[in-house]
Amino acid sequence: MRLRSEFSHIKKYYDNVNACQTAKILPGEFYATSDNEMITTVLGSCVSACIYDEKNKCGGMNHFMLPGDQNSSDDTPARYGIYAMESLINAILKMGSRKENLKAKLFGGGQIIPNMTDVGRKNIQFARSFLVSEGIPLESHDLGLAFPRKVNFYPLSGRVRVKRLQSLQNDTIETREMHYMQVLSNKDQVNGEIELF
């Protein structure tokens with residue numbers, strides 16, 4: 001397995017149930033690979049884009065949420081989504097992919113955070129419009145509704161398995177996303193360079 005330094009913080013383990021090496025991503029993270037492995041995450045209001053190049057056998061997944069005042073007149077909230085999408089796409093292109101070969105699948109955007117029922121919808125709208133503007137076809141999706149999801153993505157083939165979580169034993173997802181939203185809302189700008197194409 002080749003672990004690029006930009007992904008050294010990503011938790012990796014062997015998943016005995018699915019019999020494969022697995023990378024687990026959390027809110028605000030992304031991971032791309034050309035190895036035969038699975039990428040997994042659990043989504044509430046956040047959205048994950050699974051982007052892959054079946055021809056060149058590489059792909060990846062991100063996990064993002066638009067922060068703060070979604071109705072503000074500036075583009076600050078969208079910049080976080082753009083950063084998440086561009087970072088993932090650029091990592092895949094560095095692995096030898098070509099933009100015209102990219103395909104996408106979208107998941108998440110559930111209405112699970114009380115009193116913030118439009119967060120998931122805003123994340124969905126952003127992700128869909130981003131893919132349209134970049135000319136990346138949306139192959140499939142499982143978006144919205146009022147439950148979280150566990151997503152297992154196999155980037156070499158583009159295969160995705162989604163489990164809708166009807167009930168949770170604890171409030172881990174909601175707590176994690178509320179913390180993530182607070183961190184994003186307190187930032188003045190996105191850290192790091194974004195290369196738009």
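Listed here is the closest heavy atom pair of Ala32 and Ile92: CB-CG1, 4.1 Å. Gly81 approaches Phe64 most closely through the heavy-atom pair CA-CD1, 4.0 Å. Contact between Ile39 and Pro155 at its shortest, heavy atoms only, is CD1-CG, 4.0 Å. Residues Glu6 and His9 approach most closely at O-CE1, 3.2 Å, considering heavy atoms. A pairwise comparison of heavy atoms in Ser48 and Thr41 identifies OG-CG2, 3.5 Å as the closest pair. Ser97 and Asp53 get closest at one heavy-atom pair: OG-OD2, 2.6 Å.
Contact of the Phe153 side chain with the Tyr52 side chain is registered, since non-hydrogen atoms from C-beta on lie closer than 4.5 Å. For the pair Met61 and Thr40, the minimum side-chain heavy-atom distance is 4.5 Å or more. Residues Leu145 and Gln111 are not in side-chain contact: their nearest non-hydrogen atoms beyond the backbone lie 4.5 Å or more apart. Considering only heavy atoms from C-beta on, Leu156 stays 4.5 Å or farther from Glu54 through its side chain. With contacts defined as side-chain heavy-atom distances shorter than 4.5 Å, the pair Phe107/Val162 qualifies. Looking at heavy atoms from C-beta onward, Ser34 lies out of side-chain contact with Lys57 at the 4.5 angstrom threshold. Between Ile136 and Ile89 there is a side-chain heavy-atom pair separated by less than 4.5 Å.
Using a cut-off of 4.0 Å between Lys/Arg side-chain N and Asp/Glu carboxylate O, Glu134 and Lys99 are scored as salt-bridged.
Pairs passing the salt bridge (Lys or Arg N to Asp or Glu O under 4.0 Å) check and including a residue from residues 136-156, sequence neighbours excluded, read Asp142-Arg149, Asp142-Arg164.
In the hydrophobic clustering (ILVMFWY side chains linked at under 4.5 Å, chained through shared members), Met38 is joined by Tyr154.
Remark: Lys11 is positioned above the aromatic ring of Tyr13, its terminal NZ or CZ atom under 6.0 angstrom from the ring centre and at most 45 degrees off the axis.
For the residue pair Tyr31/Glu37, the side-chain donor-acceptor check at 3.5 Å is satisfied.
Residues satisfying the side chain to side chain donor-acceptor pair (under 3.5 Å) test with Arg98, not counting sequence neighbours, are Glu100.
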